[in-house]
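To find a chain, count down the sequence lines: A is the first, B the second, and so on, and within it residues start at 1.
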There are 2 protein chains.
Amino acid sequence: MNPSEAMFSKNAGLTGLPGYALRRAANAMMADLAGRLASIDLRISDSAVLQVIGERTDMTSSEIGKVLEIQRANMAPLLDRLESAQLIRREPIDRKSQAVVLTQHGLEQLATIRRVVLEFEEDLMARIPARHRPHFLPALRALMD
Amino acid sequence: MNPSEAMFSKNAGLTGLPGYALRRAANAMMADLAGRLASIDLRISDSAVLQVIGERTDMTSSEIGKVLEIQRANMAPLLDRLESAQLIRREPIDRKSQAVVLTQHGLEQLATIRRVVLEFEEDLMARIPARHRPHFLPALRALMD
DNA sequence: CCACAATGCTATGTAATATAGCAAAAATAC
DNA sequence: GTATTTTTGCTATATTACATAGCATTGTGG
């Protein structure tokens, strides 16, 4: 079934449309992941930030933002939150920039995050029938730019 | 590349994770569609509601909500907005329920919506490499429930 | 008939994302 | 080396989707 078939057949409703299905699947996935992260008091975007600064210790706020497509304006309160929770520290690089680095507690939480996220990702893939599975990520990446 | 490979290789960053890629793809898609619908002053969820009541003229607010997974509480302001825009009317069924029906203007807008959405869906599918394309919707539907 | 469920709704909160603007510092162009 | 432009980090605020709690009324099944 292609989009125009889906639009004019009332069988599947809007769920026959890939764009609509994409939205619904993403919502369900986000709710699932948010639930899993709630137990460690983190939001989805918090965990994404912690994951990227887990690799490098010299990333600035705007670099993190570029990687995750989070705008500078939104990074500020996000990092404030992580700093209040003692998960990160801001360390001056020069008089303008600052590195965002994990604290000890942040490093410990990151281990948990990695476990939770990995399990989540595996559960997600497991729900996709095997023959479609290898095509899923490549298709998404084509849509991401 | 499977999730655990992706989590511990810094090549792809988080975009190697299907869940993260799903979120990013959905965001990009939503922004695109929202932009296309902005020209006719509609939100994505507005257009979804108009599309479902285009098929039947006897749906109540809560039935629409069930189909689209929009909660009753959120249907009220949404329908208010569509009613102010003269796109729908609420017609009493009994003293409790009411049918949500398209006005003449709503019917005209629906034609535009269908055109815009169909074009959007086709553009979306066109961005996915052909070999992955047939697997995309089935995979998403497996994740939706 | 009466307990229970459904309907439509208000009020409110949360999360992700967006825009506009700003001061200071750094990078660059000349 | 000074001048212009860009970058950085930030505040304030708005938008959109979605969530929870509660409520009065009405319909329905035992």
Between [atom2] on [N] and [atom1] on [X], what's the gap in Å once rounded to a whole number?
X       : N      : atom1 : atom2 : answer
B:Ile70 : D:dA19 : CD1   : C1'   : 13 Å
B:Asp41 : D:dT16 : CG    : C1'   : 15 Å
B:Ile44 : D:dT16 : CD1   : P     : 10 Å

**Hydrophobic cluster membership, B:Ile113 vs B:Val100, 4.5 Å side-chain cutoff** = yes
**Asked** Does B:Met144 belong to the same Ile/Leu/Val/Met/Phe/Trp/Tyr cluster as A:Met30, with side-chain heavy atoms less than 4.5 Å apart forming each link?
**Response** no
Which pairs with one or both residues in [range] pass salt bridge (charged side-chain N to carboxylate O under 4.0 Å, His left out), sequence neighbours excluded?
range                      : result
residues 40-52 of chain A  : A:Asp46-A:Arg81
residues 12-23 of chain A  : none
residues 91-102 of chain A : A:Arg89-A:Glu91

Any residue meeting side chain to side chain contact (heavy atoms under 4.5 Å, CB included) with [X], in chain and number order, not counting sequence neighbours:
X       : answer
B:Ile93 : B:Thr60, B:Ser97, B:Ala99
A:Asp58 : A:Arg56
B:Gln71 : B:Asn74

**Message:** For DNA chain C, which residues of residues 57-65 of chain B approach it to below 4.0 angstrom with any heavy atom?
**Reply:** B:Thr60, B:Ser61, B:Ser62
**Asked** Using a heavy-atom distance cut-off of less than 4.0 Å, which residues of residues 22-37 of chain B contact DNA chain C?
**Response** B:Arg23, B:Asn27
Kindly give the heavy-atom pair with the smallest separation between [X] and [Y], and that separation in Å.
X        : Y        : value
B:Ala85  : B:His105 : O-ND1, 3.5 Å
A:Val49  : A:Ile70  : CG2-CD1, 4.4 Å
A:Gln86  : A:Thr103 : O-OG1, 2.5 Å
B:Leu50  : B:Leu110 : O-CD1, 3.8 Å
B:Val116 : B:Arg36  : CG1-CB, 3.8 Å
B:Met125 : B:Phe136 : SD-CD2, 4.3 Å

**Message:** At under 4.0 Å between heavy atoms, how does the protein contact nucleotides 20-30 of chain D? Give one character per nucleotide, 5' to 3', with B, S or -.
**Reply:** BB----BS---
**Prompt:** Taking it one step at a time, do A:Leu79 and A:Arg90 satisfy side-chain contact (heavy atoms from CB on, under 4.5 Å)?
**Reply:** CA-CA 9 Å; A:Leu79 293 180; A:Arg90 285 162 158 119; 3.4 Å; yes
**Prompt:** Looking for any heavy atom pair under 4.0 Å, which part of the strands does B:Gln98 touch: base, sugar-phosphate only, or nothing?
**Reply:** sugar-phosphate
**Item:** A:His132: which of B:Arg141, B:His135, B:His132 passes side-chain hydrogen bond (donor to acceptor under 3.5 Å, both in side chains)
**Value:** B:His135
**Prompt:** Of the options B:Ile53, B:Leu78, B:Asp80, B:Val101, which is the one that meets B:Ile88 in a side-chain contact (heavy atoms from CB on, under 4.5 Å)?
**Reply:** B:Ile53
**Request:** Taking only heavy atoms on the protein side, list every residue of residues 77-85 of chain B lying under 4.0 Å from any atom of DNA chain D, sorted numerically.
**Result:** none
**Message:** I'd like the 5' and 3' limits of the part of DNA chain C contacted by chain B, with heavy-atom contacts below 4.0 Å.
**Reply:** C:dA6 to C:dT17
**Request:** Compute the angle between the rotation axes at the two ends of the helix from C:dC1-D:dG30 to C:dC30-D:dG1, each taken over five pairs, rounded to 10 degrees.
**Result:** 40°
**Request:** State, yes or no, whether a side-chain contact exists between B:Leu124 and A:Leu17 at a heavy-atom distance under 4.5 Å.
**Result:** no
